[in-house]
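These figures come from a predicted structure and were not determined experimentally.
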Amino acid sequence: MLAETKALKAQYDHYFLREYRFRYWLLVVDNHFFDRYYFFLEKQKQGTQLLHSHELLALEHDPEKYQRVLAELKQFSKLRIQYRNTHQLVHPTKDIKNDRVHGHG
């Protein structure tokens with residue numbers, strides 16, 4: 001097991017509390033701005049919109065090491081994994097075209 005995977009597992013065990021009525025999943029972000037892969041543990045309480053995100057690991061942008069850490073992560077965690085890439089950013093809301101209170105339009 002890689003040292004990075006051991007650090008990831010330690011953080012995972014610290015934050016994955018298996019709380020009642022919470023939904024957990026993993027998020028892996030290929031961040032091209034900082035040239036790193038980021039691993040997060042996300043959790044959301046049932047019936048709420050509030051989302052908690054805990055950073056587990058920031059890994060240098062090495063595809064081989066990333067694949068190995070990801071494979072080792074899948075061996076000890078059965079949580080669903082979401083993948084994101086900063087080349088395809090998510091735009092969460094519509095653009096403001098008319099807002100007279102703040103001087104738009």
Side-chain angles (χ1 to χ4, degrees):
M1 185 179 283
L2 292 173
E4 289 85 354
T5 306
K6 289 179 184 177
L8 174 68
K9 184 164 179 12
Q11 289 291 91
Y12 177 89
D13 291 338
H14 177 75
Y15 288 115
F16 186 38
L17 304 175
R18 296 166 179 86
E19 295 172 284
Y20 181 67
R21 297 178 63 115
F22 274 83
R23 185 174 67 132
Y24 290 89
W25 67 95
L26 295 165
L27 173 65
V28 178
V29 179
D30 185 0
N31 190 326
H32 298 280
F33 298 116
F34 296 113
D35 204 30
R36 294 193 177 278
Y37 294 103
Y38 288 96
F39 293 81
F40 296 94
L41 178 67
E42 309 261 303
K43 74 176 187 178
Q44 182 178 26
K45 188 169 185 174
Q46 182 180 356
T48 67
Q49 293 295 322
L50 186 61
L51 182 73
H52 299 275
S53 181
H54 303 284
E55 183 178 326
L56 303 178
L57 180 70
L59 184 67
E60 66 272 1
H61 209 267
D62 178 2
E64 278 185 26
K65 189 179 281 189
Y66 163 72
Q67 289 298 330
R68 186 150 173 219
V69 168
L70 188 61
E72 291 175 351
L73 171 65
K74 289 178 180 179
Q75 287 177 354
F76 67 81
S77 176
K78 301 299 180 206
L79 293 178
R80 180 173 52 99
I81 301 175
Q82 285 184 349
Y83 299 95
R84 291 196 188 149
N85 188 325
T86 55
H87 284 315
Q88 293 100 20
L89 293 175
V90 177
H91 192 52
T93 60
K94 296 180 194 174
D95 290 336
I96 297 172
K97 300 215 187 290
N98 186 3
D99 184 0
R100 294 175 194 260
V101 174
H102 296 100
H104 301 272

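Annotation for T48 and Q44: closest pair O-NE2, 2.8 Å, computed over non-hydrogen atoms. The two atoms that bring Y15 and E55 nearest to each other are CE1-O, 4.4 Å, heavy atoms only. Across all their heavy atoms, L8 and F39 have their closest contact at CD1-CB, 3.9 Å. Shown here for W25 and L51, the closest heavy-atom pair between the two residues is CH2-CD1, 3.2 Å.
For the side-chain hydrogen bond (donor to acceptor under 3.5 Å, both in side chains) with Y24, the qualifying choice from E19, R80, H52 is E19, the only one to do so.
Cluster membership for V69 and Y83, using ILVMFWY side-chain heavy atoms within less than 4.5 angstrom, is shared. Put simply, L79 and L70 are part of the same group of oily side chains (I, L, V, M, F, W, Y) that touch within less than 4.5 Å, one to the next. No path of Ile, Leu, Val, Met, Phe, Trp and Tyr side chains, each step under 4.5 Å between heavy atoms, connects L59 with M1, placing them in separate hydrophobic clusters. A continuous path of hydrophobic side-chain contacts links Y66 to L26 [ILVMFWY only; heavy atoms under 4.5 Å]. Linking Ile, Leu, Val, Met, Phe, Trp and Tyr residues whenever their side-chain heavy atoms come within less than 4.5 Å leaves F40 and F22 in two separate clusters.
For the atom pair CZ (R23) and NZ (K45), the distance works out to 14.5 Å, reported to the nearest 0.5 Å. Atoms CG and NE2, on L17 and H54 in that order, are 7.5 Å from each other to the nearest 0.5 Å. Here the straight-line distance linking atom CD of E4 with atom CD of E60 works out to 6.0 Å at 0.5 Å rounding.
Residues forming a side chain to side chain contact (heavy atoms under 4.5 Å, CB included) with F34 (at least two apart in sequence, or on another chain): N31, Y38.
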Criterion side chain to side chain contact (heavy atoms under 4.5 Å, CB included) on Y12 and L57, from CA distance to verdict: CA-CA 9 Å; Y12 177 89; L57 180 70; over 6 Å; no

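Between Y37 and H61, the distance from one ring center to the other falls under 6.0 angstrom.
When side chains are defined from C-beta on, L27 counts as touching R84, because their heavy atoms get closer than 4.5 Å. A 4.5 Å side-chain heavy-atom check between L73 and L56 finds every atom pair outside the cut-off.
Here salt bridge (charged side-chain N to carboxylate O under 4.0 Å, His left out) pairs that include residues 66-79, with residues two or more places apart or in two chains, are R68-E72.
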